[in-house]
2 protein chains.
Amino acid sequence: MQITLIGTGNLGTNLYEALRRAGHDVAQLPGRSFATSDVKGELVIIAVKDDALPDVANRLKDCDMLVVHTAGSIPMEVIPCRRRGVFYPMQTFSKNQLVDFTNIPLFLETEQAGDIKVLESLASTLSHNIYHLDGEGRRRLHLAAVFVCNFANHCYALGAEVLKEINIPFDVMLPLIDETASKVHNLSPREAQTGPAVRMDRNVISRQEAMLDGRTKDIYHLMSESIHDLKI
Amino acid sequence: MQITLIGTGNLGTNLYEALRRAGHDVAQLPGRSFATSDVKGELVIIAVKDDALPDVANRLKDCDMLVVHTAGSIPMEVIPCRRRGVFYPMQTFSKNQLVDFTNIPLFLETEQAGDIKVLESLASTLSHNIYHLDGEGRRRLHLAAVFVCNFANHCYALGAEVLKEINIPFDVMLPLIDETASKVHNLSPREAQTGPAVRMDRNVISRQEAMLDGRTKDIYHLMSESIHDLKI
């Protein structure tokens, strides 16, 4: 497929590589400064930061090809074109770590019923996890993704801050991090939970809280209470 | 080595299997109701819940073999024996998912300098990640483990709650969960962070907060602020 990909950030970089490897003819343009005369092909994919998306979408208002964005939390309607849609790959992308798209769930939506075939055809060249989801569903899906990815990663970051105080390298946590991720392939997260909060071991909880201060202490407290609330 | 293992919970079950597979002669006793006359061998390992540990340790006060516990947050001194120590495997254990000990970091401490060799000798039959750490260090290490394991898993659980509302199976999150864990093998958690909070995308943040209520909303708010604080 002949595709114009707008965006050169974390997602743009990863998507460009994946599309090229799948054999597509991709022209990649920078989100900030592309010329609309360079926008060509059957499909335009906008992969820019959410706050740059309305401006980029508006510059494409005269496009008659299918124009899609890639954002979890933004409605399709941000694109002012008749043929519009969403191609949301739910994954965490970094420029310096290219990911394999094969297992990435791709969530598709289009305004015109006929256009969903175009997105499905493209998606099937990248991944075998393809779903249809409307804007309201995608908005909630993205919220769930923030919890399991961004917030879980921040828990790693807060753990790393604690480790700095005792000069233990973060690598020592990797078997625990990997097993925690691996367990939820076989158990629900509620079934998989262990540790002082789910046991409501008040001695350990209060001694651990006492080692923290400020916002991290508040996070420890809320997370421990929330774990106990969700206990099976 | 001839070992008495006291405890039949998540850790006890996993440790028993790992010790047996490594060729040790292990007698496993229940923490609640063992007879001290059944405690035999060169080493006693107590693997019971933190709040049951003082009682079990006190029942072993007349033991002249090396007695160790397995708890991250409890000082060695809870054991009233001359030959005492700690053998802390930092991992999340569930009875229904046995883990491979090979990569699990084992943190060792003993009262008597000579006894550390006994624990090292045992540890080396299970894992190649062996560390010496005193009680104060272990207490902080365990706090870090609570963040990267229990709290990260709770982020999975909160994501699962959001997904229930849109009837999407939790399995769809597994590639994202796995990639989030995989990234911190190559990047620090701060470098690996993505999403609306690290971008301080206030539009998405406020719309996501509005989908939540109660304690989960408070967690979302604090985590987002904390991510931005730690931003590189």
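Residue numbering restarts at 1 for every chain, and letters A, B, ... go by the order of the sequence lines.
With chain B as the partner, the residue from Ser224(A), Gly72(A), Ala152(A) showing the most heavy-atom pairs under 4.5 Å is Ala152(A). Comparing Val162(A), Asp50(A), Leu176(A) by heavy-atom pairs within less than 4.5 Å of chain B, the highest count is held by Leu176(A). Note: Leu158(B) leads Asp171(B), Leu158(B), Val198(B), Asn167(B) in heavy-atom pairs under 4.5 Å with chain A. Ranked by non-hydrogen atom pairs under 4.5 Å with chain A, the options Ala71(B), Gly195(B), Ala197(B) are led by Gly195(B). Between chain A and the options Ser182(B), Ser73(B), Ser188(B), heavy-atom pairs under 4.5 Å are most frequent for Ser73(B). Interface check for chain A: of the options Asn203(B), Asp51(B), Leu212(B), the most heavy-atom pairs under 4.5 Å are formed by Leu212(B). When the candidates Val99(A), Leu133(A), Asn129(A) are compared by the number of heavy-atom contacts under 4.5 Å with chain B, Val99(A) comes out ahead.
Side-chain contact between Leu141(A) and Leu163(B) is present, with at least one heavy-atom pair separated by less than 4.5 Å. In this structure, Gln91(B) and Thr194(A) have side chains that are not in contact, with every pair of non-hydrogen atoms separated by 4.5 Å or more.
At a 4.5 Å heavy-atom cutoff, Lys95(A) makes no contact with chain B through either its backbone or its side chain. For a residue to count as touching a neighbouring chain, one of its non-hydrogen atoms must lie under 4.5 Å from one of that chain's; by this rule Ile227(A) touches chain B with backbone and side chain alike. If you measure heavy-atom distances from Phe101(A) to chain B, you find no contacts under 4.5 Å at all. With a 4.5 Å cut-off on non-hydrogen atoms, Ile166(A) touches chain B through its side chain but not through its backbone. Heavy atoms of Phe93(A) lying under 4.5 Å from chain B belong exclusively to its backbone. Phe170(B) touches chain A through its side chain: at least one heavy atom from C-beta onward sits under 4.5 Å away, while N, CA, C and O do not. Of the two parts of Val172(A), the backbone and the side chain both hold a non-hydrogen atom closer than 4.5 Å to a non-hydrogen atom of chain B. The parts of Val184(A) that come within reach of chain B are both its backbone and its side chain, each placing non-hydrogen atoms under 4.5 angstrom from that chain. When heavy atoms are compared at a cutoff of 4.5 Å, Asp100(B) does not approach chain A at all.
If you check the side chains of Thr180(B) and Thr92(A), you find no donor sitting under 3.5 Å from an acceptor.
Under the 3.5 Å distance criterion, the side-chain polar atoms of Asn153(A) are matched with a main-chain donor or acceptor of Pro189(B). Not a single donor-acceptor pair under 3.5 Å links the side chain of Gln97(B) to the backbone N or O of Asn186(A).
Proximity to chain B among residues 142-151 of chain A is limited to His142(A), Leu143(A), Ala144(A), Ala145(A), Val146(A), Phe147(A), Val148(A), Cys149(A), Asn150(A), Phe151(A), judged by heavy-atom separations below 4.5 angstrom.
Here the NE2-CG distance, from His154(A) to Leu230(B), works out to 5.0 Å after rounding to the nearest 0.5 Å. Taken from CE in Met223(B) to CD1 in Ile219(A), the straight-line distance is 5.5 Å, to the nearest 0.5 Å.
Residues in residues 175-194 of chain A take part in these salt bridge (charged side-chain N to carboxylate O under 4.0 Å, His left out) pairs, two or more places apart or across chains: Arg190(A)-Glu161(B). Legend: salt bridge (charged side-chain N to carboxylate O under 4.0 Å, His left out) pairs involving residues 127-146 of chain B, not counting sequence neighbours, sorted by first then second residue: Glu165(A)-Arg140(B), Glu109(B)-Arg138(B), Glu136(B)-Arg139(B), Glu136(B)-Arg140(B).
Other residues, nucleotides and ligands contribute more than 12 heavy atoms inside 6.0 Å of the CZ atom of Arg215(B).
Listed by chain and residue number, Arg199(B) satisfy the salt bridge (charged side-chain N to carboxylate O under 4.0 Å, His left out) test with Asp201(B) (two or more places apart in sequence, or in another chain).
Between Ser94(B) and Ala192(A), the closest heavy-atom pair is OG-O, 4.3 Å.
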